[in-house]
Amino acid sequence: MSFDFFAPCPRGLEAALASELAEIGARHLNGAPFAPGAQVPGGVHFRGGWTAGMAANLHSRIASRVLLKIAHRPYRAEQDIYALALEQRWEQWFSANETLRVDVTAIKSPLRSLEFATLRVKDAICDRLREKSGARPSIDTAEPDVRVFAFLTATDCTLYLDTSGDPLFKRGWRLDKGAAPLRENLAAGILRLTGWTAGTPLYDPMCGSGTFLAEAAQVALNIAPGVERRFGFERLKQYDANAWQTLKVAAVDAKRAARGSRADLQIFGSDISGDMLDKARANFERAGLNVPLKQVDARGMTPPVGTPGILVANPPYGERIEVRGRGPRGEVRETGRESREDEGFKRVHTDAPDSEFFKSFGDALKQRFTGWHAFVLTSDRKLPGQMRLRESTKTPLFNGALECRLFRFDLIAGSVRQRPAASVTNPGDTAEGQR
Ligand SMILES: C[S@@+](CC[C@H](N)C(=O)[O-])C[C@H]1O[C@@H](n2cnc3c(N)ncnc32)[C@H](O)[C@@H]1O
């Protein structure tokens, strides 16, 4: 039996997710029918059996969820949406003992109140279950057993049953997030956009709680992102429990093999904050990962290995931390587990991005990272100007609601593309070839 699934993802990562899903199909579905479908803003459709949906949940690093399409029909008013939801055989999927949450999202819907539409979908599902079983499910918006999503366009309503439960960026092992962590699926998608592959050196000089590093280490060690967590489909009446056991056992075995591996992953991180590095270490330990970390001011950073690789970072915006009484080139001590957090550091709040910091960061790249490819995620479009570097590409990405750019800088010997300070004030969005 085949189903239509929709995997939402951070906007800007649709193509990356489509290629990841195709890879998952080829690697984990042993010839089971699986058809990647259309990419739409914010997600990718695909078609396949239960195994495909379960494998996407277990193995996708980029999807936010995997939704199972239940029904699709044109609508005009709330009553049409109620009728559509009432017709569906929800009793096949879950009972009134399960708690429920309904979410409605819409693009250009003519309806006046999405809240009311949400209530109508919820009423229809409850009415249906009461008619079939004599009981209505309770609503639990915080930790529901079952989630239903309705998606409205100007003309059509689609109902989805969620198969993920908690969103997939919750990998199940992260405790310490730090102040401004990246979502795991955005970090994983960015890694794919950089073209990084296992074995190539990877360095995050502002690693914070270590999201890029943890995602990369799991790719390198072939650890499934969902191996440590449970999924919404496990609560549904129908899913292929045998196929799930097979997928899960293979993922657990792969993780066990990875734990024993002493492979040098060539993945490195540093941050100016000992506190953040402690958080990163605690996370890596829980995830069973071993990634070397150093306490270093990014302005004084040096390549962690002799072979050039990929540098990736999302720098602070509006706040940074400085070493008390040290100049920009001052490398900070290497931290041990016992090191005290942020001793000797001061937090500097800046309303505007700090151009001196970014100039020094750009200088460090130009002077010491020849041959590397650097990728910087920021919501600040003036960043390349502040770094006095010309980007090779810039990719629009959304970090939640925040529109960002992933800037790529190719630090090729003798041809590092510098830009004069004057261009800082007018970075624009000009295509590189037109500069
Ligand atoms: C937006 S956060 C990065 C979050 C990280 N990607 C994560 O997922 O947790 C920016 C990081 O830059 C670090 N930072 C600030 N100033 C720095 C500096 N001068 N040198 C190195 N790291 C710095 C902060 O401590 C913070 O961890």
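In this chain, residues are counted from 1 in sequence order. Order of appearance sets the numbers: ligands from 1, and atoms from 1 within every ligand.
The aromatic rings of F94 and W90 sit tilted, their planes meeting at an angle between 30° and 60°. Using bins of under 30°, 30° to 60° and over 60° for the plane-to-plane angle, the ring pair Y203/F369 lands in the parallel bin. A perpendicular orientation is assigned to the rings of F231 and W244, their planes being inclined by more than 60° (bins at 30° and 60°).
The environment of K108 atom NZ is sparse: at most 12 non-hydrogen atoms of other residues, nucleotides or ligands sit within 6.0 angstrom. Within 6.0 Å of the CG atom in N290, the count of heavy atoms belonging to other residues, nucleotides or ligands does not exceed 12. Residue R11 qualifies as open at atom CZ: its count of foreign heavy atoms under 6.0 Å is 12 or below.
When the heavy-atom distances from atom 25 (O) of ligand 1 to V296, L377, D271, T378 are ranked, the shortest goes to D271. Between the choices N314, L186, I272, the shortest heavy-atom distance to atom 6 (N) of ligand 1 belongs to N314.
With hydrogens and angles ignored, the 3.5 Å screen pairs a side-chain donor or acceptor of R286 with a backbone N or O of W173.
The shortest N/O to N/O separation between L182 and ligand 1 falls below 3.5 Å.
In summary, the atoms of ligand 1 found under 4.0 Å from a heavy atom of P205, numbered by their order in the structure, are 21 (C), 22 (N). Counting the atoms of ligand 1 from 1 in the order shown, those under 4.0 Å from a heavy atom of M276 are 25 (O), 27 (O). Within the listing of ligand 1, atoms 7 (C), 8 (O), 9 (O) sit less than 4.0 angstrom from a heavy atom of T211. Annotation for ligand 1: atoms under 4.0 Å from non-hydrogen atoms of S273 are 25 (O). Short contacts between ligand 1 and S209, defined as distances under 4.0 Å to a heavy atom of the residue, involve ligand atoms 7 (C), 8 (O), 9 (O). For ligand 1, the atoms sitting less than 4.0 Å from at least one non-hydrogen atom of D297 are 18 (C), 19 (N), 20 (N), numbered in the order shown with element in parentheses. Heavy-atom proximity to A298, at under 4.0 Å, picks out these atoms of ligand 1: 18 (C), 20 (N), 21 (C).
A search for salt bridge (Lys or Arg N to Asp or Glu O under 4.0 Å) contacts involving R183 returns nothing, not counting sequence neighbours. Qualifying salt bridge (Lys or Arg N to Asp or Glu O under 4.0 Å) partners for E20, counting only residues two or more places apart in sequence or in other chains: none.
Looking at C207 against ligand 1, only its backbone comes within 4.0 Å, counting heavy atoms.
At a 4.0 Å cut-off, at least one heavy atom of F357 sits close enough to ligand 1 to count as contact. Residue contacts with ligand 1 do not include D275, since none of its heavy atoms lies under 4.0 Å from the ligand.
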